[in-house]
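Beneath this line is the structure, given in structure tokens, with notes to follow.
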Amino acid sequence: MAAARRFAFPLFALAALGLAALPVPDFWITQGIYIGLYALVALGLVLLTGVAGLTSFGQAAFVGVGAYTAAALVVKLSLSPWLALLVGIALAVAAALVLGAITLRMSGHYLPLATIAWGLALNYTMANMDWLGKYDGILGVPELRLFGRDLGTGRGLYALVWVIALAAAWGCANLLDSRPGRAIRAVKDGSTMAEAMGVSTFRYKLVVFVLAAVLAAVSGWLFAFFQRTVNPSPFSIAKGIEYLFVAVLGGVSHVWGAFLGAGVVRIVEDQLQVLLPRLFGASGNYETIVFGIVLVIVLKYAPDGLWSFAGRLLPRADRKRDWEGAPALPARDKPARGEPLLQVEAVRKQFGGLTAVNDVSFDIRAGDIVGLIGPNGAGKSTTFNLITGVLSLSAGQVRWRGEAIGGLPSREIARRGISRTFQHVKMIPEMTVLENVALGGYLRSSSGTLRAMLRLDREEERRLFAEAERQLARIGMADRMNELAGNLALGPQRLMEIARALCTDPALLLLDEPAAGLRHKEKQALADVLRQLKAEGMSLLLVEHDMEFVMGLTDRIVVMEFGTRLMEGTPAEVQASPEVRAAYLGTEH
Ligand code: ADP
Ligand code: MG
């Protein structure tokens, strides 16, 4: 059954390309070209909107950049179409970098607004510049020549469009299944987690935005040689919305959704353009209204798009276990036992009027297991967030092996060897357990976007997966590595987070309530793992409510209450302290 999935792509490619050689009516070849062109743009939206959660209404403008560059350079300056392709891509990259750099650091809705503004501005420019022919555009684009023959606007061009579209799909599918791909998949819901694993989420947002712009520009370049003329109307905001519709209808987080959406929209659009004016007895773009209604229905009843139904027909293939014997990932030099590691110096965090953490100090030496306990709301998780750079300090300082790290972004702190889990599990539910854990190896690997798209990253992937499996085996979860993380119960999800944190090769591990939701046996197994880590020289800071668990495991305990440090001592001292008892009894009542 898994073979069905492995051969799905080659079979689809063969069918799509083979169409050009069969006696298919020209009408369908033309439709096929449109579908390929739409799919190229929609592929970019799959990455951008579906996977990374960034919405763009302005893709049509990037298509316009590719098309106008082709027409202007080839018709007006008699340059080679292939040079025009490079220039078009360069312009799209430049525009995307500028737009992205301005908007992608801001929260969610600035990007869609910026893409609308960009779409309108570009369309206005195209329609008003004399050199670009204003509303008439540029006429007389020649046929594209390849290997000394004209491709025409039929079968030859069809073949080129589909070779490019299929290559792009292959690259995008490769990308999603790679080190940068896992980072991109973490951007949508898991920025905090991804940053804590060392990922610059801003960088990957920019990468997908640029990639989507390039795919759109390539589609536009092909479009110019297909239409043999360019004018502003196919690059309007309305068209930008239609591209988004194609992606959403097809299934915005699946590469194949782009093709399905493109096919359905193109064919239905064509039928409606004939049917609707007859029905209403007048001409007009009625199909836009129908698409609007359909979009609302799809978003309500099939928010994952049509591909979520079609995709179910194909079995999910487990990742082939091909990493046996892969060389280990690079590991960091570990601090010597007893070396001062972490100094938390009077850290404070204020949320408006609330002081969640109030001048808390404590130290951790290499090899220590320190417990951080206190009633709910005492400020333990906030302290974790201050140490790991998830939250900024209101006052105080954190030192790591002597270096002040307060104010560094959390990915920089991760790079120095501090890793963590989260009280509320943060993961990518639609990725497998193994892939989630492999994200922890991000900083120990280096494959970039291009390498991944071209599938030149397999050696390193083997090393990453070998490490991920090793860490999963360590916490007793290797047999569940192919399950989707979102399908696990809370306890195993917490264990998976620990494996992911271990995958970063940390010198200090911060665990926020690791035993919550675990059954008794699982707790014992976890305690064994933590003891083993200690024996290996790992340092641990542990928030936990289960007193038996904490008392049996830690060397020292810091007790917090209402944001302040109540006391610090050995488990025995803490247990004997009347203040600690009072704090717990006082709030539990
Ligand atoms: P603990 O982990 O010890 O249970 P927390 O550190 O989560 O406690 O929370 C400490 C206090 O800070 C609580 O009163 C909580 O409501 C508040 N708090 C935590 N995070 C935020 C935030 N992002 N914004 C405002 N208040 C917060
Ligand atoms: Mg907490």
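Just the heavy atoms: all of them, side chains too, but no hydrogens, waters or symmetry mates, feed the values below. One-based numbering, in listed order, for ligands and for the atoms of each.
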Legend entry - Ala378 N/O to ligand 1 N/O under 3.5 Å: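 Such a contact does occur with ligand 1.
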Inset, instruction - Before signing off on this row, confirm whether Phe351 and ligand 1 have an N or O atom pair separated by under 3.5 Å. - result: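 Among all N and O atoms of Phe351, none is under 3.5 Å from an N or O of ligand 1.
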Legend entry - the Mg ion (ligand 2) to nearest N/O/S of Asn376 less than 2.8 Å: no
Legend entry - the Mg ion (ligand 2) contact by Ser381, N, O or S atom under 2.8 Å: yes
Under 6.0 Å from the ring centre and within 45 degrees of the ring axis: does the NZ or CZ of [X] meet both conditions for the six-membered ring of [Y]?
X: Lys205; Y: Phe202; value: no
X: Arg182; Y: Tyr442; value: no
X: Arg420; Y: Phe422; value: yes

If you count the atoms of ligand 1 from 1 in the order shown, which ones are under 4.0 Å from a heavy atom of [X]?
X: Gly379; value: 1 (P), 3 (O), 5 (P), 6 (O), 8 (O), 10 (C)
X: Asn376; value: 4 (O)
X: Leu354; value: 12 (O), 14 (O), 17 (C)

Legend entry - Arg348 (side chain) donor-acceptor with Ala395 (main chain) under 3.5 angstrom: no
Legend entry - Distance-minimising heavy-atom pair for Thr554 and Pro571: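 In this case the closest contact between Thr554 and Pro571 is O-CG, 3.4 Å.
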Legend entry - Inter-residue atom distance Glu195.CD - Glu412.CD, 0.5 Å rounding: 10.0 Å
Legend entry - Approximate separation, where rounding is to 0.5 Å, of Met481 CE and Arg321 CZ: 5.5 Å
Legend entry - Protein contact of atom 9 (O) of ligand 1 - nearest heavy atom, named by residue and atom, plus distance: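 Protein heavy atom with the smallest distance to atom 9 (O) of ligand 1: Thr382 OG1, 3.7 Å.
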Inset, instruction - For atom 16 (O) of ligand 1, decide whether some protein heavy-atom distance is shorter than 4.0 Å. - result: no
Legend entry - Option with minimal heavy-atom separation from atom 12 (O) of ligand 1, where the choices are Ala356, Gly377, Ser381: Ala356
